[in-house]
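Each remark here refers to the structure printed beneath this line.
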Amino acid sequence: MSEPAETQEAATYDVTAVEEKWLQVWKDLDPFRADDASAREKRYALTMFPYPSGDLHMGHAEVFALHDVVARYWWLKGYEVLNPMGFDSFGLNAENAAIRDNEHPATFTYANIAVSTESCKKFGTSFDWSRTLNTSDPDYYKWTQWLFLRFYERGLAYRKESPVNWCPVDQTVLANEQVIDGHCERCGNEVTKRELTQWYFKITDYAQELLDNLDELEKTWPDRVITAQRNWIGRSEGAHVTFPLVEEGAQRPSRNRASEITVYTTRPDTLFGTTFMVVAADAHLARELVTDDQRPAYEDYLEEVRKASDIERLSTERPKTGVFLGRYAVNPVNGQQIPIWAADYVLADYGTGAIMAVPGQDQRDWDFAKRFDLPIIRTVRPPDDFVDDAAYVGQGPAINSANDEISLNGLGIAEAKRAIIDWLESKQSGKGAVNFRLRDWLLSRQRYWGAPIPIIHCPVDGEVPVADDQLPVVLPELRGADLTPRGVSPLAAAEDWVNVECPKCGGPAKRDSDTMDTFVDSSWYFLRYCSPQDDTQAFDTDLVNAWGPCDVYIGGVEHAVLHLLYARFFTMVLNDMGLVGFREPFSAQLNQGTVINQGAKMSKSKGNGVRLGEQLSAFGVDAVRLTLVFAGPPEDDIDWAEMSPSGSLRFLQRAWRLSGDVTSSPGTSPEGGDVALRRITARTVRDAEGLVDGFKFNVLVARVMELVNATRKVIDTGGDSGAGGADPAVREAAEAVTILLSLVAPYVAEEMWERLGHQPTVARTSWPTVDESLLVEDSVTCVVQVRGKVRARLEVVPDISDADLEALALAEPDVVRAIDGAEVRKVIVRAPKLVNVVV
RNA sequence: GCCCCGGUAUCCCAACCGGUAGAGGAAGCGGUCUCAAACACCGUCCAGUGUGGGUUCGAAUCCCACCCGGGGCACCA
C-alpha cells in the first residue's frame with residue numbers, strides 16, 4: 001500500500017486530540033444509560049464506590065479499568081447493563097480535614113466528589129452518571145435512617161452496655177471488624193477497651209446462614225474472601241454446661257445473686273478433668289461472684305487488666321494472670337467443689353464469658369494451673385511418647401472419666417462428647433450448643449459526619465423512634481472546632497439540635513447524638529442505584545428484583561469481612577422484610593490486587609508514589625488502562641516499576657495503524673478472505689468470551705495482540721490473495737480488534753471504528769459474529785512419542801480414527817528408527833493429537 | 001500454632017480433562033531506516049516448571065513431605 005507520507009516514519013495518532021474528541025462525543029451520545037424498561041436481558045455490574053478522599057489514584061484506575069472490561073463486554077453482548085457509580089461520602093477524613101481548616105466536612109466532600117467525577121469520566125469509564133448518589137446527601141441518608149428504624153422494629157437494632165473497642169485517636173468506638181490485630185482499621189492506632197452503652201445490629205442472628213451460603217458462593221467468589229468470612233464467623237460445636245454454685249452460709253445474702261454458672265465448651269468430653277473455673281475479669285459475673293474478702297484483690301486486678309491494651313492482652317506469650325474470687329462451684333459430673341477464678345484470658349463477650357478449665361487437655365488452662373498451682377487431671381490418654389509437660393490436645397481414649405451413672409473411659413473424643421451431652425441433657429445440667437466467633441455489629445460512632453441515629457431518648461418513655469414522616473434527621477450545621485472529638489459525639493453539644501420534645505409525652509427529651517458507622521450507608525447503596533431519585537421509598541422492590549442481584553462485584557479485598565459481610569446481612573434482613581427478592585446480593589465477585597511500586601506499597605514516607613495524573617498525561621488514558629489490565633491476573637498485585645506503559649502505547653499505535661491500512665469498504669463480506677487470518681479472528685473472538693467471563697483479562701489482551709500481529713502480517717505480505725489491506729479478512733480482523741480493544745482502550749477503539757468507516761459508538765455496536773465453520777480445524781499436528789520423547793510430527797485430519805493414526809505413526813521412518821527393532825509393548829493413541837509408543 | 005492460595009525464561013505472565021513447556025509483553029542482543037540518534041519496523045537469545053519422593057505409557061498439572069512468598073484466624077474455651 002502506498003502512503004508516501006507514512007513511509008518515512010510510522011504513522012501515529014495524537015493521543016490527547018483523540019481523548020478530547022471522543023470525550024465530547026460520548027457526552028453527547030450518553031451511550032451507557034441503563035433503561036429500566038428495556039426488553040433486553042439485564043445485567044448489573046457493580047464496583048465498590050469510593051470514598052471521595054481527593055482525586056482518583058492508581059488504585060481507583062485499576063478497579064475501574066478491570067470493571068469496565070466486563071461492563072462494556074455485556075453491552076456488546078446485547079445485555080441492558082446497569083453500571084452505576086457514586087460516593088461513600090460520609091466519614092472521618094472529611095471531618096478531620098474540616099477541624100484542621102475550620103471548615104464544614106461537606107465542603108471537602110463535595111469538592112472532592114466533583115473532581116473525582118470529572119476524572120472518572122475522563123478515564124473513559126462506562127458508568128451511568130444519571131444514577132449517581134452520595135451517602136452524605138440528606139435524600140440518601142433519610143433512607144439509611146428509615147432502614148435503621150425497620151431494623152429497630154424487628155429487634156435487630158438494640159442498645160447494650162458492654163466493653164467495646166475504643167480508638168483513642170479517632171475518639172470513637174469501633175466494630176470488631178474494624179480492629180485489625182489490635183489496631184484501628186482507619187488510623188492504625190492501638191485500640192483500647194471501654195465500658196459503654198452502644199447501638200448494635202443483631203448480625204449474629206444470621207450467623208448460620210451467612211456461613212451456609214458461602215458453600216454456594218464459593219463457586220463464584222474469590223477463595224480468600226470465603227475463607228476470611230468463614231474464619232470470621234467462626235462456628236464451633238460443643239455444649240453448654242451448668243455448674244451450681246456452693247452457697248457459703250448466711251453471711252452472704254443471696255439477693256439477685258447468681259446461683260449457678262453456665263459455660264460454653266467445645267470439649268464436654270473432658271468435663272471430668274475440670275479442676276477449676278475461670279470467669280472473664282471484666283464480665284459482670286465476676287463482680288457478682290467475688291466475696292467481700294477477695295474483693296480488694298479483684299478490684300486491683302481489674303484495674304490492671306483495664307490498663308493493658310488489647311495488643312498486650314492478646315499476646316499468647318504473656319504469662320497468665322488472674323485472681324481467686326473466693327467462691328466454689330460444683331462439677332455436675334462428680335460433685336467436686338472447684339474454685340472460681342477471674343482472669344483476662346477468658347473473654348467477656350464470647351460464649352458465656354466463663355469457662356470450665358481442663359488443664360490436662362487445654363494448653364491455656366494448663367499454663368494457668370501451673371502458675372497458680374491448681375490440680376491437673378488427664379481425661380484423654382496421650383500416646384506413650386508424649387512428654388508430660390503440657391496439655392494433651394490430640395486424639396485418644398478417654399480416661400478418668402466415670403461416675404456411678406456414666407463412663408466415658410475408652411471412648412474416642414467424638415463418641416465421648418455425644419455420650420456426655422446425652423447424660424447432661426438427661427440431668428438438665430447442660431445441652432449441646434453451637435457458638436460463633438462473630439459478634440453483633442457495633443454501629444454507633446461518636447463522630448459528626450455520618451447519618452444521625454433517628455432515636456429520641458425520653459426520661460419518661462425511654463427510646464422513642466423518630467416518626468418516618470420526620471425523616472431525615474438532618475445534621476446540624478457544625479464546623480471547625482465544634483467538631484473536635486471529645487469522647488462523645490459533637491452532636492451532643494449542639495444544644496438546639498439535641499434538645500427536642502418527646503414525640504410521645506411532649507416532655508423534654510434528647511436526640512441520640514451518635515451517628516451510624518459508614519458501613520451502614522454502604523450496606524444498601526447497590527439497592528438505591530436501581531431507583532436513585534425515588535423520594536417515596538428507599539428503593540423500588542420491583543426494580544431491585546429486575547436488576548439484582550449484582551452479577552459481578554469488583555473491589556478490594558480489604559472489605560472481605562467488613563462491607564461484604566454487612567451487605568450480605570442487610571440483604572437477608574431486607575429479604576425477610578419482603579423488600580428484596582434475593583438473599584445474597586453479589587452473585588460473583590472479583591478482588592483486584594494492589595498497585596505497588598518497586599516492590600513496596602506506595603507511600604509518602606517511602607517516596608515511591610506513582611501519580612495517576614502524570615501517567616495519564618505521559619501515556620494517555622488508554623495506555624494506562626491497557627497496562628493495568630495486561631499486567632497479570634486481576635487479583636495479583638501490580639508492581640508499576642515492572643510495567644511498561646510506553647510498551648502499551650506502542651501496541652495501541654500498532655493496532656490503530658491497522659485501521660488505516662484497511663482499504664475495503666465497510667460491510668464487505670469476509671467470505672473469500674485469507675482463511676488463516678479468518679480462523680485466527682474467529683478463534684480470538686470466541687475465546688475472548690470465555691476469557692472475559694473468567695476474568696482473564698490479561699490473556700484477552702495477549703490474544704488481541706496476537707490478532708494484531710497476524711493482521712499486520714497479511715497486510716504487509718499480501719496474504720493468500722495478495723490483496724493485503726484490500727483482503728476482506730483484514731477488514732474482518734481489524735474490526736474484531738477494534739471491538740475487543742474497546743473493552744480496554746475505549747478512546748483509540750472509537751477512533752479506529754471511525755476510520756474503518758463506522759458511526760460511533762463502537763461501545764454500543766454488537767459483538768463480532770463468529771463463523772462456526774472457521775473454528776473447525778481441517779488439520780491438526782499429531783505428536784508421535786517413543787519412550788516419551790517426541791520423534792515425529794504428523795499433519796492429520798481431526799477426525800482420524802485411533803487405528804489409522806497408529807498405523808500412520810508406526811510407519812514413520814523417524815519412529816521406526818527410534819524403536820530400533822525393540823519390542824513394542826504398548827501403543828497409546830489419543831487421536832488426533834498424540835501417539836506414544838512404549839518399548 | 002491452625003487453615004487457605006501461590007512458586008514456570010532476566011522480569012511480568014500463558015499453557016483446556018494429565019498429552020509438543022510458550023500465547024503476549026518488558027528487558028537484552030542483531031538488523032532495517034537515519035549524517036547520527038530517538039521513534040518505528042523486522043529478527044533473535046532465554047526455562048524444563050521451588051526441593052525431594054510417589055502414581056502414570058506420559059506430570060507444570062494428581063498425591064505425600066519439605067522450603068520460600070502472600071493471605072486469613074489466633075488466649076474464641
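Every chain is numbered from 1, with letters handed out A, B, ... down the list of sequences.
Shown here, U51(B) forms a base pair with A65(B); the pair counts as Watson-Crick or G-U wobble because both key distances fall under 3.5 Å. In this entry A26(B) has U10(B) as its Watson-Crick or G-U wobble partner, both defining distances falling under 3.5 Å. Searching all strands for a Watson-Crick or G-U wobble partner of A15(B) with both distances below 3.5 Å returns nothing.
Atoms CG (L565(A)) and P (C73(B)) sit 12 Å apart, rounded to a whole Å. Here the C1' atom of nucleotide G71(B) and the CZ atom of R230(A) are 16 Å apart, to the nearest Å. Between I233(A) atom CD1 and A74(B) atom P there is a gap of 13 Å when expressed in whole angstrom units. One can place CD of E558(A) at 15 Å from C1' of G72(B), the figure rounded to the nearest angstrom. One can place NE2 of H240(A) at 12 Å from P of A77(B), the figure rounded to the nearest angstrom. Distance, N176(A) CG to C73(B) P: 11 Å, rounded to whole Å. Rounding to whole angstrom units, CG of residue N231(A) and C1' of C5(B) are separated by 13 Å. Rounded to a whole Å, the CG atom of D802(A) is 14 Å from the C1' atom of G19(B).
Side-chain N/O atoms of E795(A) and T781(A) include a donor and acceptor closer than 3.5 Å. S648(A) and T627(A) are linked by a side-chain donor-acceptor pair at a separation below 3.5 angstrom, with hydrogens and angles left out of the test. Judged by distance alone, the side chains of E706(A) and T684(A) never bring a donor and an acceptor atom under 3.5 Å apart.
Remark: the backbone N or O of V595(A) is not paired with any side-chain donor or acceptor of D637(A) at under 3.5 angstrom. Between the side chain of N331(A) and the main chain of L271(A), a donor-acceptor pair closer than 3.5 Å is present. Between the side chain of N608(A) and the backbone N or O of N597(A) there is at least one donor-acceptor pair closer than 3.5 Å.
U61(B) and G19(B) have their C1' atoms separated by 11 Å, with the value rounded to a whole Å. A9(B) and A15(B) are spaced 15 Å apart, taking the P atom of each and rounding to whole Å. Between the C1' atoms of A74(B) and G28(B), the separation comes to 48 Å (whole Å). Rounded to whole Å, the C1' atom of A27(B) lies 24 Å from the corresponding atom of G69(B). As rounded to the nearest Å, C68(B) and U8(B) have C1' atoms that lie 15 Å from one another. Of the C1' atoms belonging to C42(B) and G58(B), the separation is 39 Å, rounded to the nearest Å. A distance of about 28 Å separates the P atoms of G53(B) and G70(B), rounded to the whole Å. Separation of the P atoms belonging to C63(B) and A23(B) is 28 Å when rounded to the nearest angstrom.
Side-chain nitrogen and oxygen atoms of R654(A) include at least one within less than 4.0 Å of the OP1 or OP2 phosphate oxygen of C41(B). Listed pair Y350(A) / A77(B) meets the phosphate criterion, a side-chain N or O lying under 4.0 Å from OP1 or OP2. Residue S236(A) places at least one side-chain N or O under 4.0 Å from the OP1 or OP2 atom of A77(B). Proximity of K320(A) to the phosphate of A77(B): no side-chain N or O atom is located under 4.0 Å from OP1 or OP2.
Position along RNA chain B of the nearest nucleotide to V346(A) versus V790(A) favours V790(A) as the more 5'-ward residue. Of the residues near RNA chain B, R712(A) and N709(A), the one whose nearest nucleotide (by heavy atom distance) lies more toward the 5' end is N709(A).
Classified by interplanar angle (parallel below 30°, tilted 30° to 60°, perpendicular above 60°), the ring pair F372(A)/W341(A) is tilted.
Here C4(B) is in the anti range [glycosidic angle more than 90° from 0]. A glycosidic torsion no more than 90° from 0 defines the syn conformation; G18(B) lies beyond that range and is anti.
For I355(A), taking side-chain heavy atoms from C-beta onward, the closest of the listed nucleotides A74(B), A77(B), C41(B) is A77(B). The side chain of R650(A) lies closest to C41(B), out of A23(B), C41(B), A77(B). Of the candidates C73(B), A77(B), G25(B), G25(B) carries the atom nearest the M705(A) side chain, counting heavy atoms from C-beta on.
Within 4.0 Å (heavy atoms only), R439(A) reaches at least one base atom of the nucleic acid.
The cationic group of K320(A) lies under 6.0 Å from the six-membered ring centre of Y345(A) and within 45° of the ring axis, placing it in a cation-pi geometry.
Between the CD atom of Q229(A) and the CH2 atom of W221(A) there is a distance of 5.5 Å, given to the nearest 0.5 Å.
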At a cut-off of 3.5 Å, list every protein nitrogen or oxygen paired with a nitrogen or oxygen from nucleotides 10-16 of chain B, distance to 0.1 Å.
| unit_1 | atom_1 | unit_2 | atom_2 | d |
| --- | --- | --- | --- | --- |
| C12(B) | O2' | A631(A) | O | 2.8 |
| C13(B) | O3' | N698(A) | ND2 | 3.4 |
| A15(B) | OP1 | K696(A) | NZ | 2.9 |

So which protein nitrogen or oxygen atoms get under 3.5 Å of nucleotides 55-58 of chain B's nitrogens or oxygens?
| unit_1 | atom_1 | unit_2 | atom_2 | d |
| --- | --- | --- | --- | --- |
| C57(B) | O2 | N836(A) | ND2 | 2.4 |

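Minimum interatomic distance between I203(A) and R439(A) (heavy atoms only, all atoms of both residues): CG2-O, 3.3 Å.
Ion pairing of K193(A) with D344(A) is absent here, as no side-chain N (NZ or NE/NH1/NH2) approaches a carboxylate O to less than 4.0 Å. Using a 4.0 Å cut-off between charged side-chain N and carboxylate O, D661(A) and R657(A) make no salt bridge.
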